[in-house]
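First comes the structure, then the notes that go with it.
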Amino acid sequence: RLSPRLHCLRPHAAVSGESFARDVAFTLGGSSKSINPKWFYDDEGSALFGQICTVPEYYITVTESSILSRIGGELGSFLARDTRLVELGSGLSSKTRLILDVMEGVQDEMEYLPIDISDVLAESCHGLLDDYPRLEITGIIDTYHGGLEFLSTLDERPNLIAFLGSSLGNFDAGEGELFLKKIASCMGERDMLLLGLDLDKESGVLEAAYDDTQGVTARFNLNVLTRMNRELGANFDLSAFAHRAKYNGSARRIEMYIESLADQDVAIPAAGAAVRFGRGELVHTENSHKYTIPRIREMVREAGLGTDAIWQDEENRYALVLCSK
Ligand code: AVI
């Protein structure tokens, strides 16, 4: 279904099958194996992530949403009549509604520019158009970097860049800080950044959030193997691999792995690779960094931004940070 209020652009071919093949050939080829978490998000992976957001142990989404609904009025006071909402990694756009509700109170015409690596972007936008009749959407299907590049081609209107769900935490150590600098370098004087970050906490709570009893996170993690089977012609036997999530206290992060349960060889024809896995060998699939308030302030400052507000939930599990130049 097409709408004159929805445009979807795919500026780069960066999300193509060929780059998936090349990337996994490289990251599974060395002695310490990994898979970049951006490959989680095919249609099935995006749907599974949506489901993770509703499991009881994964407090991140509900906590962020409850903070957002509580601070709506205050956030509105920072918005101009022509502020455009840009969202990095919009996914299913569920929390977006809470921000659009705030914009609706301040603006006659609303503009939303979601940037996501997954095709589900277009689908989730249709629901938004139905519910917000004064909304125009330009969806960008691309990596974060491609999306930010696109941002620099836009007119002078102020942007509220939302980067929610603690997605910054999925960058490798040091890379997240660099990416924050990159966002800052794309921001104009009137732009703002709304950053959602998960706070460091007890390891038991964190490990449960990344290894839920319903096994949704396990399916999400292992789905990347199914994706390789389908898209790259690989022959991973899903029953011979298992999901693992471990808290690394010194690095302040959850680390997700796929463990090989046997000595086995797997062919990945499209990547021109044959990969040998030892029993107990771990493939690192994701880091999810956790933050402290002092560390957040420091990161924001080092990126050349000022902190306008920090909001937290009552149990200090999560923080929403508003920053600008
Ligand atoms: C998208 N990202 C912020 C999630 C996280 O919490 O790191 C991805 C995720 N991985 C396992 N569960 C959720």
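Owing to the predicted nature of the structure, the values given are computational and were not obtained by experimental measurement. Residues: numbered from 1 along the sequence shown.
- Residue pairs meeting the salt bridge (Lys or Arg N to Asp or Glu O under 4.0 Å) criterion with at least one member in residues 183-196, sequence neighbours excluded, are D82-R190.
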Apply the test side chain to side chain donor-acceptor pair (under 3.5 Å) to residues D200 and T292: give CA-CA distance (whole Å), side-chain angles for both, the deciding distance (0.1 Å), then the verdict.
-> CA-CA 6 Å; D200 198 19; T292 62; over 6 Å; no
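- For the pair E286 and K38, the salt-bridge criterion is not met [side-chain N within less than 4.0 Å of a carboxylate O].
- Ring pair F49/Y41 is perpendicular by interplanar angle, where above 60° counts as perpendicular and below 30° as parallel.
- For the residue pair I310 and A319, the shortest heavy atom distance occurs at CG2-CB, 4.3 Å.
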Full working for side chain to side chain donor-acceptor pair (under 3.5 Å) between E207 and Y247 | CA-CA 6 Å; E207 285 180 351; Y247 178 64; over 6 Å; no
Under the side chain to side chain donor-acceptor pair (under 3.5 Å) criterion, do E281 and S260 qualify, and how do the steps go?
-> CA-CA 5 Å; E281 185 175 357; S260 172; over 6 Å; no
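- For CZ of R297, the number of neighbouring non-hydrogen atoms (other residues, nucleotides, ligands) closer than 6.0 Å is 12 at most.
- No salt bridge links R219 with E44; every basic N to acidic carboxylate O contact stays at or beyond 4.0 Å.
- Between R230 and D42 there is a salt bridge, since a side-chain N of the basic residue sits under 4.0 Å from a carboxylate O of the acidic one.
- Salt-bridge formation is not detected for the pair E255/K246: no Lys NZ or Arg NE/NH1/NH2 atom is positioned less than 4.0 Å from an Asp or Glu carboxylate oxygen.
- Salt-bridge formation is not detected for the pair D263/R279: no Lys NZ or Arg NE/NH1/NH2 atom is positioned less than 4.0 Å from an Asp or Glu carboxylate oxygen.
- Apart from Y257 itself, the hydrophobic cluster it occupies contains L282, where clustering links Ile, Leu, Val, Met, Phe, Trp and Tyr at side-chain heavy-atom distances under 4.5 Å.
- A donor-acceptor contact closer than 3.5 angstrom is absent between the side chains of D237 and Q264.
- Using cut-offs of 30° and 60° for the angle between ring planes, the F171 and Y144 rings count as tilted.
- Screening residues 99-108 for salt bridge (Lys or Arg N to Asp or Glu O under 4.0 Å), with sequence neighbours left out, gives R81-D108.
- L206 pairs in a side chain to side chain contact (heavy atoms under 4.5 Å, CB included) with only one of the listed residues (K201, E57, R252), which is K201.
- Electrostatic pairing of D131 and R97 counts as a salt bridge here, judged by a charged N lying under 4.0 Å from a carboxylate O.
- With salt bridges taken as basic N to acidic carboxylate O contacts below 4.0 Å, one links D155 and R84.
- Counting only heavy atoms from C-beta outward, the side chains of F241 and L225 approach each other to under 4.5 Å.
- One finds the CG atom of L129 at 10.0 Å from the OG atom of S124 (value rounded to the nearest 0.5 Å).
- Between K181 and E302 there is no salt bridge, since no side-chain nitrogen of the basic residue lies less than 4.0 Å from a carboxylate oxygen of the acidic one.
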